[in-house]
Amino acid sequence: MSTAVQLQGNPNIQTISFRRPTSQTASSPAKPKNRHGGLLQDQLRRAQRAPWCPTWSAAFRILLLVRITGAMYSGIQDCDEVFNFWEPLHYLWKGYGFQTWETSPEYSIRSWAYILLHYLPVKISATFIGPEKRPAFFAVRMFLAVISTVCEVTFFRAVVERINYRVGRYLFVLLLFNAGLWIASSAFLPSSFAMYANTLAMAYAMEPPSTGNMRRTLFATLAFATGGVVGWPFSLAIGIPFVVEELFLAGTDKVTTENRSSWFIGRWKRMLTCGGVATLLLLPVVALDTLFYGKLTVVPWNIVKYNVFPDPQRGPELYGTEPVHFYLSNLLLNFNVLVPFALAALPALAATYRFDNKRLGERYKFVDQTSPYVLLAVRLAPFYIWTAIMTAQKHKEERFMYPIYPLICFNAAVTIYLARGLLETAFIAVTSSPYKASQSSLFSQFTLSVVVTSSVLSLSRVAALWKYYHSPMSVTYALEAAEVPRLLNVTGHISLPPHFDGKVRHSETHEDELPRIDLSLIEDWGLRLCVGKEWYRFPGHFLVPDGVRVDWIKSEFDGMLPGHFKETARDGGLLERVKGTRVAHSSLNDLNWEAPEFYVDVQTCDYLLDLDFPQRPVEAAHEPRYIADEKTWERVACRPFLDAAHSSVLSRTLWMPGELWQMQNSYGEFCLLKHKANVGRKEQLHTVGRR
């Protein structure tokens, strides 16, 4: 604040100002950070105004919109997500659900501590919205989307401040539109949880190590440990470069012959101290898992033992093996052109060292500090280490790569920046004019073309996932949204508008919206929903109304299917659920042996979820075309589902508008079918006035 005295009527008279010496400086705007303070240094346009780069707050709001949208519209890609996590969570809430052998006390390789983390959004939804299960389902997904957004944005800002603001800009756009993160960010999987933790850990690890920086070591160690202990223990391998850097690399410390021993001892003490603090995370995890399994249980060790030291007859390979190129093919689906850029990060860094040496080297004053090339290589290494470890395993699944999804974008962003720098160097070598290089748009056009191409392909992939494969979730929900209201309407329990015909609506108008319906009215009807060959596409009990029992019917699949948890009181609390989680189902096994007692006769089913491909008319013994048996079954809801075997590779991978593109695809129908006779009898039995 200042006070000014000026003579009136004469603008030429000087003004004398009196300024408060302390409070004013404290409230003055902070000096902006040096955008050239990271590991990577721009060589052109350094004095020009920097292009726009979002703050943490702006980036959070932008990315959150995308992540929430993904939580609402992405499908469930992995049946393990349903049966090992959504179903146990449903059991904690409702007292019934499917149980896999992994959650049996006999094997106990799934952590109830991890599942319990997701119980809070379920209870919040039940408290403020109501007992309906679908809102709780999306509450959990949005909860995960928020966590992912916080971790990703923190990582992005760390890259801006510690690596380079241009690399950060590229990274933000790649994270924003990426098809892989569209799926992984809201997936209810330990590998996604490990992704959150590793992303946050790498945000802290972006800062070079130094003796006085305990914050970096502690927070990064805690984050890596959280991902490994609570999520997936194998994800700790991503922290190997960080540990090596902490123990052996000077970073910004000046290490000489005289102080090397004391420096080395100090670094090891700090790392061991932080590691000791991080191991305390085991205590609540082991305590909760022990409570729910009814015996001392260390789930992270059980996971390692099963996967790394299995018996000859057991192990993950029972559930399928994939070729060496599986992850390369899968990453190309979700990351498209970014995959070669991510793989080229270290070669690009080597080329930069040879041809564009000033890009990293000039800001270090002491030769005893770690080379910035080594520091950057350490930050690029986790992607290579994890890819190598996962590729070496015979059993491969898409979700196993989730922990490094943001790091793939980071490696690709660094490569894009380094490639731009090499282009600048080549341009200057040819033209001998740094000025012309500073005025050329060639370099920005190159980076823009890569980022835009990746974004467009990712959006096309996201659209393909929605258009081609989302029908199981939509069709399953039709039982609650359309069929149950129809049942209650025709039996006189409720009265619906005359225009209601029992069909699911997808319009934006409100004329087809139904009043809130008490779904508990059908709980004593004894309805049964059956699933056969499409068991691995069943989206879970969260999309099936209470009072409808889900059972399996025999198909050509001859492996282990989930059984049912021991049912407990619907209104019981978590301690009531412990009575069921401690029960070991005798038919559940870790040898992938079929359990015929889990099957029911298809003639006892009231409803059936099934997928029919008209271009595959050959019927197996246990997989007839139920949809073709119109005397027995009636369609309740059907949605198109891509027939990948009869569609071209390109058109089934990406979605593009236009009839010409869609003509290359073939579709089947994913349907909810109604057993006419069974449902008809129950309608008569439960009609008001006839009971």
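All of these numbers come straight from a predicted model, not from anything done at the bench.
The aromatic rings of Phe542 and His90 lie perpendicular to each other, with more than 60° between the two planes, well past the 30° mark. Classification of the Trp633-His675 ring pair by plane angle, with boundaries at 30° and 60°, yields perpendicular. Between Phe219 and Tyr204, the ring-plane angle classifies as perpendicular under the 30° and 60° cut-offs. Ring pair Tyr405/Tyr402 is tilted by interplanar angle, where 30° to 60° counts as tilted.
For the atom pair CD1 of Ile408 and CG of Leu175, the computed distance is 11.0 Å after rounding to the nearest 0.5 Å.
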| query | Would Glu152 and Ser148 count as a side-chain hydrogen bond (donor to acceptor under 3.5 Å, both in side chains) if you check the C-alpha gap in whole Å, the side-chain angles of each, and the deciding distance to 0.1 Å? | reply | CA-CA 6 Å; Glu152 290 177 68; Ser148 183; 2.6 Å; yes
| request: For Glu81 and Arg399, run salt bridge (Lys or Arg N to Asp or Glu O under 4.0 Å): C-alpha distance rounded to whole Å, both residues' side-chain angles, the deciding distance at 0.1 Å, then the answer. | output: CA-CA 10 Å; Glu81 180 180 353; Arg399 59 192 167 95; over 6 Å; no
| request: Let me see the working for Asn307 and Gln393 under side-chain hydrogen bond (donor to acceptor under 3.5 Å, both in side chains), right down to the final yes or no. | output: CA-CA 10 Å; Asn307 287 277; Gln393 311 306 309; over 6 Å; no
| field | Glu523 vs Arg570, salt bridge (Lys or Arg N to Asp or Glu O under 4.0 Å): CA-CA, chis, key distance, verdict | value | CA-CA 12 Å; Glu523 290 189 13; Arg570 185 76 58 82; 3.7 Å; yes
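Less than 6.0 angstrom separates the ring centroid of His541 from the ring centroid of Tyr96. Aromatic ring centres of Phe641 and Tyr469: separated by under 6.0 Å. A ring-centre distance under 6.0 Å is found for Tyr114 and Phe188. In this structure, the ring of Phe400 has its center no less than 6.0 angstrom from the ring center of Tyr327.
Side-chain N or O atoms of Ser192 include one that pairs as donor or acceptor with a backbone N or O of Ala184 at under 3.5 Å. A side-chain donor-acceptor contact under 3.5 Å links Tyr196 to the backbone of Ser185. A donor-acceptor pair under 3.5 Å links the side-chain atoms of Arg461 to the main chain of Thr653, judged by distance alone. Looking at Thr581, its side chain does come within 3.5 Å of a backbone N or O of Phe292 through a donor-acceptor pair. No donor-acceptor distance shorter than 3.5 angstrom exists from the side chain of Asp289 to the backbone of Thr297, with no hydrogens or angles considered. Counting only distance, with no hydrogens or angles, the side chain of Arg577 and the backbone of Ala569 share a donor-acceptor pair below 3.5 Å.
Comment: Glu623 does not engage Arg616 in a salt bridge, judged by the lack of any side-chain N to carboxylate O separation of less than 4.0 angstrom. Using a 4.0 Å cut-off between a side-chain N of Lys or Arg and a carboxylate O of Asp or Glu, Lys133 and Glu480 do not qualify as a salt bridge.
For the pairing with Phe98, the ring-ring contact (aromatic ring centres under 6.0 Å, His included) check across Phe565, Trp535, Trp552 returns one residue only, Trp552. Partner of Leu672 under the side chain to side chain contact (heavy atoms under 4.5 Å, CB included) criterion, chosen from Thr476, Leu479, Asp610: Leu479. Checked against Phe155 for a side chain to side chain contact (heavy atoms under 4.5 Å, CB included), the options Leu407, Leu200, Asn198 give a single hit: Leu407.
More than 12 non-hydrogen atoms from other residues, nucleotides or ligands lie less than 6.0 angstrom from CG of Leu283. Around the CD atom of Gln313, the shell of radius 6.0 Å holds no more than 12 heavy atoms that belong to other residues, nucleotides or ligands. Counting heavy atoms of neighbouring residues, nucleotides and ligands inside a 6.0 Å radius, atom NZ of Lys566 does not exceed 12 of them. Annotation: Tyr319, atom OH; neighbour count of heavy atoms from other residues, nucleotides and ligands within 6.0 Å is above 12.
Counting heavy atoms from C-beta on, the side chains of Trp101 and Glu106 never come closer than 4.5 Å.
Summarising the geometry of Lys533 relative to Leu611, their closest heavy-atom pair is NZ-O, 2.8 Å, with the distance given to 0.1 Å. Looking at every heavy atom in both residues, Ile115 comes nearest to Pro88 through CD1-CB, 3.6 Å. Here the closest non-hydrogen pair linking Lys396 and Met390 is CE-O, 4.0 Å.
Relative to the six-membered ring of Tyr477, Arg134 meets both conditions, a distance below 6.0 Å and an angle of at most 45° to the axis.
Not counting sequence neighbours, the partners of Phe598 by the ring pair (Phe, Tyr, Trp, His ring centres under 6.0 Å) test are His585.
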